[in-house]
Amino acid sequence: MKKEIVINAADNETRIAITEEGRLAELFVESAHKEKMVGDIYLGTVAKVMTGIKAAFIDIGLTQDGFLHFSDIGNRFSEYSAMIGDDEGEEDEENGGVAQAAAGGATTQEVTSAQKQHESRPAKDNGRPPRRENPRLEKGQDIIVQITKEPVGKKGVRVTSEVSLAGRFLVLLPFDGKIGISKKINSFKEKRRLRKIVQGILPEGFGVIIRTVAEGKDDTLLRQDLEDLISTWREIEKSIKSEKAPALLYKDMTTTSSVIRDLFSNEVSRVVVDSKKLFREISAYVRYTSPQLLDKVELHKDRRPIFDTYGVEKEIENSLSRKVWLKSGGYLIIEPTEAMVVIDVNSGRYAAKREQELNSLRTDLEAAREVCRQLRLRDIGGIIVCDFIDLEDEKNKRKVYDELKKEFRKDRAKVTVLPMTEFGIVQITRQRIRQNILHSFSEQCPSCGGTGLVRTKTSSINKLERWIRRFRAETHEGKVLLRVNPEIALQLKDGFPSRIQKMMLRYFVLVTVEADASIPIGEFRGFSVKQGKDVTDSFH
């Protein structure tokens, strides 16, 4: 599969596109006002402990407190507590659990592989180290945490106390003491070689996850990567002693750097960038870590915009569309809601009855591939419900389910897919790490509040008239100033007698109408002339 990384760098925004077979598969956007936060390590303070939901809220200096679930408080909590002079954490004789290495940039597959390595050792009950149901967290206590999920909507960041540091070839797990290997490395001989190298250079008290890109690398590169990570961790340890919570202890790489670190491998045919400065930075990093890949880094010199040259700009516009067309003539309707994302698959054309099952299967298979691509491209997480075209044959339903599972293997996020129901519904859950791409390019409509609907002009005027009637009845004042949307103002003054003139005669009140473009069609502001203030909310 031909895979490329295309980077467009502007003064206040950097966009990184990953294409597969010439089609946009993933898109990352970083701007000056919205930097990547996943992987950052903070010294925070426990702001609130809520045992009812088995979670705590951690003040790390952001607008909203970080959310720390008790399941994200690792078994090495006491060691981290000791670093900041707090020995109140429970002692646990079990060896440490697996860090949330995804926070530091490791893929979900690499983390899963490390988890399996840990699950193979003797432990209690289900083979995993025991998690404390009620860890000793107290309000005002200092704690070291790492961001694992970006803020989404009204939710703040999600954090973990299991800190990890991601490098090019290794992910460092302080206090863990175990070695995990990416499951994408299939060769048993290579796994054994890498494990032996790491065992020989890993200091006591540290654990690592060996990443996929480490396959075939010699011990010099692995040693250098490990030394850099340990050096970074030593700096963090020094900061902990001098900083006062809340404080940022470690800032992870920018989105561009982390994409190069995590995704640039032999599978990528080239990296193209349109910024000379960024080109030099990427080249220097690749020359240091993977010199054999240096020839694949290119500078875009064409005057034509880079995203136009590679057909990315048009696909970004399509990714914002509610309707996504399929080559067969069918289409998807993608509807985000507060609780989930709903995707409806439509055939888009009439099919003869005797061929209906076959045509439906073809459309559903094509839709399954496109659904997987759209979820990755838009970075949609949470619960997704797909309504496919109804199929009668159970074998055909299974084919659609198998196609979804096959396509989701390309996804770096953790995905769970359930078989198709008798109503043609497929339920999917996808790991949410950051806001979906739609929020990077759009904001809520001020007129409709995100509903897609606004009051009709007639309904808006009727609502306004009821307000005037209440205002007149309760205050007995004879003058009122109304600020309304320009379209409503025109409607009120149209004709003779106009609608506003009829209201004045009916309620014996002098009404002055002012047009204000900042006010949505379904809203208005009412001001008492006598009191000299806004009284809108008093008479709703």
List the atom of Gln374, the atom of Val324, and the distance in Å for their closest heavy-atom pair.
NE2-CG1, 3.7 Å

Let's go through Leu226 and Phe206 carefully: what are the C-alpha distance in whole Å and the side-chain angles of both, what is the deciding distance for side-chain contact (heavy atoms from CB on, under 4.5 Å) to 0.1 Å, and is it a yes or a no?
CA-CA 10 Å; Leu226 181 61; Phe206 288 96; over 6 Å; no

Lys405, NZ: over 12 other non-hydrogen atoms inside 6.0 angstrom
yes

Is Asp274 close to Phe307 at the side-chain level, that is, under 4.5 Å between some pair of heavy atoms?
no

Check Ser164 against Val171 and note the closest heavy-atom contact, atom names and distance.
CB-CG1, 3.9 Å

Under a 4.0 Å threshold between the charged nitrogen and the carboxylate oxygen, would Glu26 count as salt-bridged to Lys410?
no

If you define the side chain from C-beta out and look only at heavy atoms, does anything of Asp228 sit under 4.5 Å from Tyr288?
yes

Within the 4.5 Å heavy-atom criterion, are Tyr250 and Leu165 side-chain neighbours or not?
yes

4.5 Å side-chain heavy-atom contact, Leu263 and Val268
no

Looking only at heavy atoms, the pair that brings Phe264 and Val213 closest together is O-CG1, 4.5 Å

Can you name the closest pair of heavy atoms from Phe57 and Ile53 and give their distance?
CE1-CD1, 4.5 Å

Quick one: does Phe28's side chain get under 4.5 Å of Ile7's, heavy atoms only?
no

Working for side-chain contact (heavy atoms from CB on, under 4.5 Å), residues Ile210 and Leu170:
CA-CA 5 Å; Ile210 301 173; Leu170 306 171; 3.9 Å; yes

Side-chain heavy-atom pair Ile260, Ile16 within 4.5 angstrom cut-off
no

Does Arg373 come within less than 4.0 Å of Glu315, counting only side-chain N to carboxylate O?
yes

Output for pair (Lys155 NZ, Glu150 CD), nearest 0.5 Å, gives 14.5 Å

Can we say Asp252 and Arg261 salt-bridge, meaning some charged N sits less than 4.0 Å from an Asp/Glu carboxylate O?
yes

Between Val208 and the options Leu229, Leu173, Leu202, the side-chain contact (heavy atoms from CB on, under 4.5 Å) test singles out Leu202

Please check: side-chain N/O of Glu21 versus main-chain N/O of Lys2, any donor-acceptor pairing under 3.5 Å?
yes

Side chains of Ile306 and Val6: closer than 4.5 Å at any heavy-atom pair?
yes

Closest non-hydrogen atom pair between Ser258 and Lys36, with its separation:
OG-CE, 3.7 Å

Does Val271 form a side-chain contact (heavy atoms from CB on, under 4.5 Å) with Lys296? I'd like the steps, not just the answer.
CA-CA 6 Å; Val271 173; Lys296 294 185 177 183; 5.8 Å; no

Do you know which two heavy atoms are closest between Thr212 and Ser182, and how far apart they sit?
OG1-OG, 2.7 Å

What I want to find out is whether Glu407 reaches Arg369 closely enough, with some N-O distance under 4.0 Å, to be called a salt bridge.
no

When you check the gap from the basic side-chain N to the acidic O, do Asp72 and Arg158 get nearer than 4.0 Å?
yes

Got a second to check how far Ile58's CD1 is from Lys48's NZ, nearest 0.5 Å?
12.0 Å

Test: Arg234 and Glu237 ion pair at under 4.0 Å:
yes

Hey, does the side chain of Ser290 reach the backbone of Leu293 with a donor-acceptor pair shorter than 3.5 angstrom?
no

So with a 6.0 Å cut-off around NZ of Lys139, is the heavy-atom count from everything else above 12?
no

Minimum side-chain heavy-atom gap Arg168-Tyr285 below 4.5 Å:
yes

Decide if atom CD1 of Ile230 counts as having more than 12 heavy atoms of other residues, nucleotides or ligands within a radius under 6.0 Å.
yes

Taking Arg430 first and then Asp379, would you say they form a salt bridge - that is, a charged N and a carboxylate O separated by under 4.0 Å?
yes

Atom pair CG (Asp59) and CG (Asp65), whose distance is rounded to the nearest 0.5 Å:
5.0 Å

Do side-chain atoms of Glu13 reach the backbone of Ala10 as a donor and acceptor pair under 3.5 angstrom?
no

